[in-house]
Amino acid sequence: MSHFGVHISNGGGHEYTLELLEALKSGGLSFGGFADDENGKHPTRWKALEEVLGGLLFRWPKGCLEEKVFGATLEGKLEALMTDTLGDRTGMRRQTLALRLGLEAKTFAELATAAGDRLRPSMLEAALGTVPAGREEDKGTYKSDGGTWFKSLGGGRELAGKVFTLVLWPSLKPQLLPFCNSVRSARTCRNERCLGPSGAAIRRTARRD
């Protein structure tokens, strides 16, 4: 996105992202934010940011990005969703599923048949790094599953790409398009004197939206 004048940074998790956005607000900079709901944590602080940023702050009304993407994926495309685009992590992801399901199955077809209705929820839990109830003694192993799936910079790019390659965008578009349009509108101020989100005058350029 940088060649469009939009620079994206990883906030490093819910708490850090909230603190970063608050700091940017205090500094009078021009910015936007994209974050999960995280079970309604810090509603007052998020509300204060929303009042300043308006459409430039996107938060799912409930749940998180992975939940929305997995929920929009058709049953017949779940294997494609799991498959690593580069091929490096596909087997590792299958292994996380086999461990969570307590199965010896090796192929996705075998896992899907044995798991039945548990397949999609188990995939999502693995992608989120959720620790199954009663397995807290191995929480490090289960939490690391998230990094094997999409909880990394490369994994995030992979997941974003699959929104389009798996034709999930039509389902997610009504929620995401207003935020995208807000970012585009903010970018049109480049090379003009604009008001930043705290009212501070700033100058945007093609490289600093």
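The hydrophobic cluster containing W169 also contains L81, counting ILVMFWY residues as joined when their side-chain heavy atoms lie under 4.5 angstrom apart, directly or transitively. Grouping the Ile, Leu, Val, Met, Phe, Trp and Tyr side chains by contacts below 4.5 angstrom, directly or via other members, places F164 with L176. A continuous path of Ile, Leu, Val, Met, Phe, Trp and Tyr side chains, each step under 4.5 Å between heavy atoms, connects L97 with L103, placing both in one hydrophobic cluster. Transitive grouping of hydrophobic side chains (ILVMFWY, heavy atoms separated by less than 4.5 Å) keeps L111 and M92 in distinct clusters. Note on L128: it clusters hydrophobically with L119, by side-chain heavy-atom contacts below 4.5 Å among ILVMFWY residues.
Taking every heavy atom of both residues into account, G11 and Y16 meet most closely at O-CB, 3.2 Å. Taking all atoms of both residues into account, the shortest heavy-atom contact from G32 to L21 is O-CD2, 3.7 Å. Residues F150 and A127 come closest through the heavy atom pair CD1-CB, 4.4 Å. The shortest heavy-atom contact between P178 and Q175 is CD-O, 3.7 Å.
A donor-acceptor contact shorter than 3.5 Å links the side chain of R93 to the backbone of W149. A donor-acceptor contact shorter than 3.5 Å links the side chain of R89 to the backbone of G147. Here the side chain of T130 pairs no donor or acceptor atom with the backbone of A126 at under 3.5 angstrom. Not one N or O on the side chain of K139 forms a donor-acceptor pair closer than 3.5 Å with the backbone of V131. For K143 (side chain) and G129 (main-chain N/O), no donor-acceptor pair under 3.5 Å exists by modelled atom type.
Using a cutoff of 4.0 Å between basic side-chain nitrogens and carboxylate oxygens, E110 and K106 are not scored as salt-bridged. Under the 4.0 Å criterion applied to side-chain N and carboxylate O atoms, R120 and E79 are not assigned as salt-bridge partners. D145 and K151 are not joined by a salt bridge, as no carboxylate oxygen comes within less than 4.0 angstrom of a charged side-chain nitrogen.
The structure places NZ of K68 at 13.5 Å from CG of L159, a figure rounded to the nearest 0.5 Å. Between L101 atom CG and R118 atom CZ the span is 5.0 Å, to the nearest 0.5 Å. Atoms CE and CZ, on M123 and F108 in that order, are 5.0 Å from each other to the nearest 0.5 Å. Expressed to the nearest 0.5 Å, how far CG of L168 lies from NZ of K162 amounts to 10.5 Å. Of the inter-residue distances, the one linking L20 atom CG with K25 atom NZ reads 13.0 Å to the nearest 0.5 angstrom. Remark: T73 OG1 to L78 CG distance equals 6.0 Å, nearest 0.5 Å.
Looking at E38 and C64, their side chains never come closer than 4.5 Å, going by heavy atoms from C-beta outward. In this structure, L172 and L177 have side chains that are not in contact, with every pair of non-hydrogen atoms separated by 4.5 Å or more.
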Working for side-chain contact (heavy atoms from CB on, under 4.5 Å), residues V167 and K77: CA-CA 10 Å; V167 199; K77 294 184 177 181; 3.9 Å; yes
Evaluation steps, side-chain contact (heavy atoms from CB on, under 4.5 Å), between R100 and Y142: CA-CA 9 Å; R100 289 171 178 272; Y142 289 104; 3.7 Å; yes
Candidate pair F34 and I8, rule side-chain contact (heavy atoms from CB on, under 4.5 Å), full reasoning: CA-CA 10 Å; F34 190 110; I8 302 174; over 6 Å; no
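The number of heavy-atom neighbours closer than 6.0 Å to CD of Q95, taken from other residues, nucleotides and ligands shown, is 12 or below. In D88, the CG atom is crowded: over 12 heavy atoms of neighbouring residues, nucleotides or ligands sit closer than 6.0 Å. Within a 6.0 Å radius of CD in E136, other residues, nucleotides and ligands contribute more than 12 heavy atoms.
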Identify each donor-acceptor pair in which a side-chain atom of residues 46-63 lies under 3.5 Å from a protein atom, sequence neighbours left out, and give them as a table.
unit_1 : atom_1 : unit_2 : atom_2 : d
W46    : NE1    : H14    : NE2    : 3.2
R59    : NH2    : D36    : O      : 3.4
R59    : NH2    : D37    : O      : 3.2

